[in-house]
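Everything below concerns the one structure shown next.
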Amino acid sequence: MDSNFKANMKLLIMCVVVLMGGFAFAEPTKPFELSQVRLGDGIFKDSMKVNRKVLDEIGAERALYCFRVNAKLDTKGAKPLKSWASPEPGGAFPGFFEGHYLSAISLMHAQTGDAKLKERVDYMIAELAKCQESLGDGFLFASPKDEFAPDRLDGVAWYRMHKLMEGLIAAHHHAGNKQALTILNALAEWIGKTVDGYGDQFEKVKTVEYGGMTEAFINLFEITGNAEHYKLAIAWQEKEKILDKFHAGGDFTEHANTLLAKMVGCARTAEVTGSEYHQQATENFWDNVAGAGRKTYVTGGTSVHEGMPGMNRLADTQARMAQETCCSYNLLKITSSLYNMTGEPKYMDYHERLLFNAILGSQDPATGWKTYYQPLNANTVKDFRSNERGCYCCNGTGMENPSKYGSEIYSHHNDAIRVNLFIASTVDWKEKGFGLKQITRFPEEATSQLIVRSEDKREVTVEIRVPSWCKDGYTVKVNGREQKTIPGAKLVSIKRKWRNGDKIDVSMPMSFSTYAMPDKASQLAFMYGPLAMVGQGARPWLSELVGDMEDANGFVKKPDAWFQPVKGESLKFAAVDTAGRKIIVKPYYQVGGEEFFTGYWDVVKSATIEDDGNIALGKRTIIANPSPAGVNVECFLRPAKAVDGQIGGKQSWYTKYFPNGMPPQWITIDLDAVYDITTVQWFPAKEDIDAKLAYRYKLEYSTDNKSWKVYADASNNEKPLNSYRHEVKAVGQYVRLTVLPRPKLEGNAARPKIAEIKVFGQLK
C-alpha cells in the first residue's frame, strides 16, 4: 500500500476520533526502536541470555508442529510441545504459545541483531505461509475452523488468534519480514468475514476470553492504515460494558488478565489514534490498579487467584495464587503506552518497579523456567514451570519479556533524549548523530555513568529521570561539574553542545522503605529503592515480626536504621526485630527455584509463635510424581508446601501439598545432615480432617536415600486423626512418607492432601 495513502487514511480516522472525543494534548515521548538499543553486561543481559537458551531449546520446528498438523503438512520429524501447546485433540490451547515464540525471537533479533534469529523468523513465516495456503481462504491457525463457531470457543480460540497475530506483527515490525504482513492481511480478511458472520451472536462470542484482539488490530492498523483494520479493532472493544465505566471514573472487575488484555487494546488505541476518550479510560484504569486504587503488591504485580481484586483490598491475599505473571506483562504494556503519550515520570516509576521485580523475578536464572503465579506469603517458593513440558500462558509471555528489556530504557521527543531506566546499555539516535553508552551496575551500585557519542558538537537536551524512591542525595555531574537540580523535580534536563566522550555521572542513593497492604497497615513488605526485598529462607515464626507500629524509631518508621548490609553479600541486609528475631532480606529477583522466602510480614506487639524445633522446616523435598522433572504442577501441588511450617488456617488451600496423582504417593525430606530422629508428625489438609477421612501410610528413614527402614506402618489404619504422630528412635538424614490407597475413596477424595510434615531430633 502506498505510504501517502496510509498516512491520509490514518489522518481521516483520527479526524473522526477528534469529533468523537478529541486529542489529549500532552507532551509525548517516543521510545527508541529495539534495534537502536543494545544491552550491556548486567542482570538484564544475563536474563536475556538464559531466555535465549530457552528459545533455542524449543526451536522453530516444534513451534510449527500444531500449525502443520492442522494444515495436514509434514511435521518434519519434530516432537510436539506438551500440555497446553499439545496438538488437537489432546491439547488445550495449541497455537498461542507458538505465537509468543514468534514474537520472542523477532523481538530478540531486534534487540541483539542476531542473524540466526532473523533466519529462524524468516523460516517460520515461510512455513506458516504454506500452512495458510493449504488451509485456504486466508485462514491460519493451529486448530480447526470449527473452534471459532459461536457455540464452541471452548479452547479460547480468539485469545490464541491474538497471540498468532502479534507474532506475525512482531516478525514484520521487528524482524523486517514482509511476507508476515501478507499473511496478516489475508488472515485479517478471514477474521472480518467471520466476525460479520457472527451477527447478533458476536456479543456472546466476546463473553469468552479473547485476549487482545483490539490490540492486534490497532497494531495492524498502525502499519497498514487500512480502515477495515481500525473498524475491527473497535468492534472487539467493549465500550459500554467496560470502557465507559473507566472513562467515568468507575471500576470494573473480571478475570484479571482478560481485563488487562482488553485495556492494552484501549491504551494502544489512544496511543495510535490520539483518542482522548481511550486515553482517559486507560489513565483511570491504571490509577485504579497501580495508583490510588492500590491493587498491586510490592512487586507491582496484581491478581488474586486470577481475579482482579477490588480497590484497596489486598490484605491476606498474598498466598492465594497471587500475581499471575501475564498480568504483569500486560500492565507493562499499558504503562508504556501511558508514558509514551504523557511523558509523566510516575508511569516510569511504576514501570521500573514492575520490571525489576515481577518481570525480572519471573524467570529462574538456572533453568529459564517461568513463574505462573508469584505468591508473597510466608515461607513460600516461586511457582516456576517448565517451558517445554507445560507451555502455560505465562511461559508464553515470559518468553517475550527478556526479549524486549531494552524497549523503554531511553525515549526521545523533539531534540531531547531521555534516560528512563538505569540499565547497562547503549542507544544510537541516528537521526541526530547522537548516542549514549550507559555503564552501570545498578541496582548493586546506585550510580550510573553516561558516555556521549556526538557528531559535530550536536546541541541536544539530555533528560535524566529522578526516581521517586530517591529522597536525598541525587546528583548529576557533567565532566565532573555538578549540575543544578530543582528540589522536587522529576527530571534533570541538560541542554548543551555535546562533545564526543563527554561523561554524565548520576548518583541516586537508595534507602529502605515499607510498602503496606492498603487495607492493613500492619501487613507490610520492605523495599530498597525500587526493589522488593524478601526474607531469605523459612522461619519458624512465619511472617511474624515483633515491633510497635507507632514507634517513631522502630523498623516500620525507620527501616534504614534497622537493616545493615551483610558483609560480602551484594544487596543482602540483616535486621533484628524487637523480640531478637533475625531476618535477612534480598531482592525478589534473586530468588531461584525451590528457594524459600517471605514477601509480606505481619507486625505484632509481642511474639505469638514459638520455635517448636521442627528440623524439616524449609528443607529440600523429593517426590514420586510427577516424573520426570519438569512436569508442571499448580502452585499448591508443590512439595515445598509440606515443609513450609503452615498448617490449616485461612490459607490452607494454598499451603498444602496436593500430589499430582493417585496413591501410592511418596514424599522424601532431606534433612541436610544425619540426625537422631525422635518424632515424626504429619498433618492432613483441613478438608480431609473436616471430612473425617482416615489415612493409610508408611513412614521410613534412611541415611543414604537408598536403603530404607520402616519407621511406622499404618497401612491398615481406619481411624481419622487431626495429625499422625510417631515417636521412635531412628538415625537418618532422609524421612519418607508414603500415602497408600484407601478403599472406597475415589477422585479427589482419594488423593493425598498433606498440610505439613514435622520432624524432631538432634544433630548426630
Side-chain angles (χ1 to χ4, degrees), residues 51-71 75 78-108 117 120-121 123-125 127-128 131 140-144 147 154-171 209-213 215-216 257-258 261 324-330 362-364 367-373 383-404 630-634:
N51 192 56
R52 172 60 190 274
K53 291 180 181 178
V54 171
L55 299 178
D56 289 345
E57 287 167 0
I58 293 170
E61 303 296 355
R62 300 186 76 186
L64 288 163
Y65 187 93
C66 289
F67 290 97
R68 285 169 167 163
V69 168
N70 193 43
T75 59
K79 294 188 300 182
L81 293 162
K82 302 295 183 180
S83 191
W84 284 12
S86 295
E88 299 282 6
F93 314 118
F96 89 94
F97 182 80
E98 298 91 319
H100 279 299
Y101 181 84
L102 181 55
S103 290
I105 60 175
S106 301
L107 290 161
M108 192 172 287
L117 287 172
R120 196 180 304 176
V121 172
Y123 174 73
M124 280 196 69
I125 295 300
E127 294 301 303
L128 287 171
C131 293
L140 176 64
F141 202 56
S143 296
E147 288 208 5
D154 49 296
V156 290
W158 288 113
Y159 168 91
R160 293 185 278 154
M161 180 62 79
H162 161 237
K163 303 305 183 184
L164 171 60
M165 290 183 70
E166 283 298 295
L168 292 166
I169 289 169
E209 185 176 5
Y210 59 84
M213 288 301 294
E215 177 197 12
N257 197 46
T258 298
E324 184 184 350
T325 305
C326 282
C327 292
S328 297
Y329 162 89
N330 279 321
S362 68
Q363 177 175 265
D364 182 10
T367 64
W369 291 11
K370 311 295 192 280
T371 55
Y372 194 130
Y373 305 109
D383 185 26
F384 289 122
R385 306 192 185 188
S386 163
N387 304 291
E388 187 178 344
R389 299 186 62 83
C391 306
Y392 288 87
C393 55
C394 297
N395 291 91
T397 54
M399 284 191 298
E400 284 190 44
N401 288 328
S403 297
K404 56 182 180 182
V631 175
N632 288 273
V633 292
E634 297 289 350

Arg62 side chain to Pro80 backbone, donor-acceptor under 3.5 Å
yes
Just to verify, what does Ser143 make a side chain to side chain contact (heavy atoms under 4.5 Å, CB included) with, not counting sequence neighbours?
Glu88, Pro94, Phe141, Glu147, Arg160
Go through the steps to decide whether Leu164 and Met161 satisfy the test side chain to side chain contact (heavy atoms under 4.5 Å, CB included), and finish with yes or no.
CA-CA 5 Å; Leu164 171 60; Met161 180 62 79; 4.2 Å; yes
Nearest heavy atoms of Ile125 and Leu168, plus distance in Å:
CD1-CD2, 3.6 Å
Gap separating the CZ atom of Arg68 from the SG atom of Cys131, nearest 0.5 angstrom
6.5 Å
Output yes when a side-chain donor or acceptor of Thr325 lies under 3.5 Å from a complementary backbone atom of Tyr372, and no otherwise.
yes
Would Met165 and Glu215 satisfy side chain to side chain contact (heavy atoms under 4.5 Å, CB included), going step by step from the backbone distance to the final call?
CA-CA 10 Å; Met165 290 183 70; Glu215 177 197 12; over 6 Å; no
Is the closest side-chain heavy-atom distance between Tyr65 and Leu81 below 4.5 Å?
no
Is the backbone N or O of Gly368 less than 3.5 Å from a side-chain atom of Lys370, with the two atoms forming a donor-acceptor pair by type?
yes
Look only at the side chain of Tyr101 and the backbone of Gly396, and say whether a donor-acceptor pair between them is shorter than 3.5 Å.
no
About how many Å separate CG of Asn330 and CG of Asn257, when rounded to the nearest 0.5 Å?
5.0 Å
Closest non-hydrogen atoms of Leu64 and Met124, given as atom of the first, atom of the second and distance, are CD2-O, 3.9 Å
Minimum heavy-atom distance between Gly212 and His162, given as atom pair plus value
O-CD2, 3.0 Å
Apply side chain to side chain donor-acceptor pair (under 3.5 Å) to Glu400 and list each qualifying residue two or more places apart in sequence or on a separate chain.
His100, Tyr329
Scanning both residues in full, the closest heavy-atom pair of Asn51 with Met108 reads ND2-CE, 3.7 Å
Ring geometry between Phe93 and Trp84 (parallel below 30°, tilted from 30 to 60°, perpendicular above 60°)
perpendicular
Spacing of Cys326 atom SG and Tyr373 atom OH [to the nearest 0.5 Å]
10.0 Å
Atom pair OG1 (Thr397) and CZ (Phe97), whose distance is rounded to the nearest 0.5 Å:
10.0 Å
Shortest non-hydrogen separation from Ile58 to Met399 and the atoms involved:
CD1-SD, 3.8 Å
Nearest 0.5 Å please: distance from the CH2 atom of Trp158 over to the OH atom of Tyr210.
12.0 Å
Verdict with supporting geometry, Asn387 and Thr367, side chain to side chain contact (heavy atoms under 4.5 Å, CB included)
CA-CA 9 Å; Asn387 304 291; Thr367 64; over 6 Å; no
Measure the shortest side-chain to side-chain distance between Leu55 and Ser403 over non-hydrogen atoms and say whether it is less than 4.5 angstrom.
yes
Is there a donor-acceptor pair closer than 3.5 Å between any side-chain N or O of Asn395 and the backbone N or O of Tyr392?
yes
Please name the pair of heavy atoms, one in Cys393 and one in Glu324, separated by the smallest distance, quoted to 0.1 Å.
SG-OE2, 3.4 Å
Hey, is the main chain of Glu209 close enough, under 3.5 Å, to the side chain of Thr258 for a donor-acceptor pair?
no
Check: Glu98 side chain, Gly95 main-chain N or O, donor-acceptor pair, under 3.5 Å:
yes
